[in-house]
Amino acid sequence: MIVDQFCEGDTEVIFSYLPVWEMFFSMHVLANPEHHTSRRKWTESKEKSFPELVKEIRRLGELTDSWILIIDSARWSEIRQMEIDEMLSFFRKMNIYQWNGWVKCPAGKVMNIDERDRILEVTKQYYDMVFRKEEGLLRPYLLRILRSEKEQCRQEGIWNWCKRIHNRLLVEETAVIYLKNREYRFEKKEIRTIFATVSSFVDPHLWLYKNDDGLEVVKGVLTEQTKGGIPTDFVRIWKALGNQARLQIIKHLLQGVCTPQALAREMGISEAAVSRHLKIMSEAGLVGKRRKGLYTEYEFRQEVIDYIPYTFYETMMR
């Protein structure tokens, strides 16, 4: 699902929401939970609710390259924009020779029909039993994040935006450098298209995929809550929102009023009262601040509100 596309110089930039990518990477997380501590609580909930399915996903991990055999294929661009049901139908129509020519198998392995059928069967089970509901909750949140990211990208430029993706992604004047097991260097002049998306599962990995003259970049979005009954940060958000004055502050921030002094004038209350409210909102993660000359400016963090429905589901219905 393309959210936006535009050109910057000779480079086309495409921001997309990719449900197929997100689903397979969630299966990658289930197959390798020790590497994805930022999704540990989510993994534990799936282990408890769907133990046999999770065991089968892990059993097939070696055969499927930890479930990235499709999203890491050289032919990934053919299905990048598909919905999950569409993708499953696409692969069911393939014979075994077409399948082996399409997917990226570990160490050049060639699958037999039974292996291919089992992979597709488990993928379908996982989608029907687990991810269909997950994706319905994640989609509006990730779309909000994507729209925010593409606006930032338009304002600051694609290469400046890429600098913030990950600390192992370096952007130099003429090249993009990916630090992995070795240094991968991609010359900017050779990149004609950048495909950008966000994921709630990719952390702590850096996903940077170069194919022909296109570069795929995935920015991680942290979603994990702290352990315990009701997470403290979740309670802080609800407490911060449960106050008329603080809701008025949010309204003013959305209209562009950004300093405590200006907020005090607009609301007709003392600057000290505004500062107390902003402190509570800052502790809840609802606002961010930055110094600008002699003043401190505040901004409302829209993504915190966008994430409330998914947080509520994970916290209250697990």
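Residue pairs satisfying the side chain to side chain donor-acceptor pair (under 3.5 Å) criterion with at least one member in residues 272-290, sequence neighbours excluded, are listed as follows: Arg246-His277, Lys279-Glu283, Arg290-Glu297, Arg290-Glu299. Residue pairs meeting the side chain to side chain donor-acceptor pair (under 3.5 Å) criterion with at least one partner in residues 188-198, sequence neighbours excluded, are absent. The side chain to side chain donor-acceptor pair (under 3.5 Å) analysis of residues 91-103, with sequence neighbours excluded, yields the pairs Glu78-Trp102.
Taking CG from Asp10 and CD1 from Ile191, the interatomic distance works out to 12.5 Å, rounded to the nearest 0.5 Å. Between the CD atom of Glu56 and the CZ atom of Arg118 there is a distance of 4.0 Å, given to the nearest 0.5 Å. From Lys48, atom NZ reaches atom OG1 of Thr43 across 15.0 Å, with rounding to the nearest 0.5 Å. Here Leu30 contributes atom CG and Lys55 contributes atom NZ; the two are 14.0 Å apart, rounded to the nearest 0.5 Å. Here the CD-CD distance, from Gln125 to Glu52, works out to 11.0 Å after rounding to the nearest 0.5 Å. With values rounded to the nearest 0.5 angstrom, Leu215 atom CG is found 7.5 Å from Lys210 atom NZ.
Glu22 places a side-chain heavy atom less than 4.5 Å from the side chain of Leu142. A heavy-atom distance below 4.5 Å is found between the side chains of Leu241 and Ile305. Side-chain contact between Phe91 and Ile70 is present, with heavy atoms from C-beta onward closer than 4.5 Å. Looking at Ile250 and Met281, their side chains come closer than 4.5 Å, going by heavy atoms from C-beta outward.
Using a 4.5 Å cut-off between side-chain heavy atoms of Ile, Leu, Val, Met, Phe, Trp and Tyr, with links allowed through other members, Phe15 and Ile2 fall into different hydrophobic clusters. Clustering ILVMFWY residues whenever any of their side-chain heavy atoms sit less than 4.5 angstrom apart, transitively, puts Met1 in the very cluster that holds Val217. Hydrophobic clustering keeps Ile280 apart from Phe300 (ILVMFWY residues linked when any side-chain heavy atoms are closer than 4.5 Å, directly or through intermediates). Cluster membership for Val202 and Ile14, using ILVMFWY side-chain heavy atoms within less than 4.5 angstrom, is not shared.
Considering every non-hydrogen atom in both Leu63 and Met111, the closest pair reads O-CE, 3.8 Å. Contact between Glu115 and Asn112 at its shortest, heavy atoms only, is N-OD1, 2.7 Å. Heavy-atom minimum distance, Ala31 versus Arg58: CA-CG, 3.8 Å. Residues Lys104 and Ser73 share a closest heavy-atom pair of CB-CA, 4.1 Å. Shown here for His28 and Ser66, the closest heavy-atom pair between the two residues is ND1-O, 3.0 Å.
In this structure, Glu86 has no side-chain hydrogen bond (donor to acceptor under 3.5 Å, both in side chains) partners at least two apart in sequence or on a different chain. Under the side chain to side chain contact (heavy atoms under 4.5 Å, CB included) criterion, Glu216 pairs with Leu18, Trp21, Trp76, Arg80, Phe195, Trp207, Tyr209, sequence neighbours left out. With sequence neighbours excluded, the residues forming a side-chain hydrogen bond (donor to acceptor under 3.5 Å, both in side chains) with Tyr126 are Ser26, listed by chain and number. Take Ile177 and apply the side chain to side chain contact (heavy atoms under 4.5 Å, CB included) test, not counting sequence neighbours, and it matches Leu170, Glu172, Leu179, Glu183, Arg185. Under the side chain to side chain contact (heavy atoms under 4.5 Å, CB included) criterion, Thr123 pairs with Met23, Phe24, Met27, Trp67, Leu88, Ile119, sequence neighbours left out. For Ser77, there are no side-chain hydrogen bond (donor to acceptor under 3.5 Å, both in side chains) partners, not counting sequence neighbours. Not a single salt bridge (charged side-chain N to carboxylate O under 4.0 Å, His left out) links Asp213 to another residue, sequence neighbours left out. With sequence neighbours excluded, the residues that form a side-chain hydrogen bond (donor to acceptor under 3.5 Å, both in side chains) with Lys124 are Asp128.
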Distance-only criterion, 3.5 Å: show the donor-acceptor pairs between side-chain atoms of residues 251-264 and protein atoms not counting sequence neighbours.
| unit_1 | atom_1 | unit_2 | atom_2 | d |
| --- | --- | --- | --- | --- |
| Thr259 | OG1 | Ala262 | N | 3.1 |
| Gln261 | NE2 | Glu271 | OE2 | 3.2 |

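For Arg154, the CZ atom counts as densely surrounded, since its 6.0 Å shell holds more than 12 non-hydrogen atoms of other residues, nucleotides or ligands. More than 12 heavy atoms of other residues, nucleotides or ligands shown are found within 6.0 angstrom of CD on Glu187. The local environment of CZ in Phe6 is crowded, with over 12 non-hydrogen atoms from other residues, nucleotides or ligands closer than 6.0 Å.
A side-chain donor-acceptor contact under 3.5 Å links Glu149 and Trp161. Ser148 and Gln302 form no side-chain donor-acceptor contact under 3.5 Å, judged by distance and modelled atom types alone.
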Report the C-alpha distance between Val287 and Arg301 in whole Å, list the side-chain angles of each, state the deciding distance to 0.1 Å, and finish with yes or no for side-chain contact (heavy atoms from CB on, under 4.5 Å). CA-CA 5 Å; Val287 298; Arg301 298 182 60 209; 5.6 Å; no

Would Lys150 and Leu146 count as a side-chain contact (heavy atoms from CB on, under 4.5 Å) here? Give the steps. CA-CA 6 Å; Lys150 66 96 174 176; Leu146 264 174; over 6 Å; no

From CA spacing to verdict: side-chain contact (heavy atoms from CB on, under 4.5 Å), Gln5, Val13: CA-CA 5 Å; Gln5 59 187 107; Val13 181; over 6 Å; no

Starting from the C-alpha separation in whole Å, work towards a yes-or-no answer on side-chain contact (heavy atoms from CB on, under 4.5 Å) for His166 and Lys219. CA-CA 8 Å; His166 200 282; Lys219 180 177 181 181; over 6 Å; no

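With Phe201 as the aromatic partner, Arg39 meets the cation-pi criteria of under 6.0 angstrom to the ring centre and within 45 degrees of the ring axis.
A donor-acceptor pair is defined here as one N or O able to donate and one able to accept, closer than 3.5 Å; such a pair exists between the side chain of Asn160 and the backbone of Glu156.
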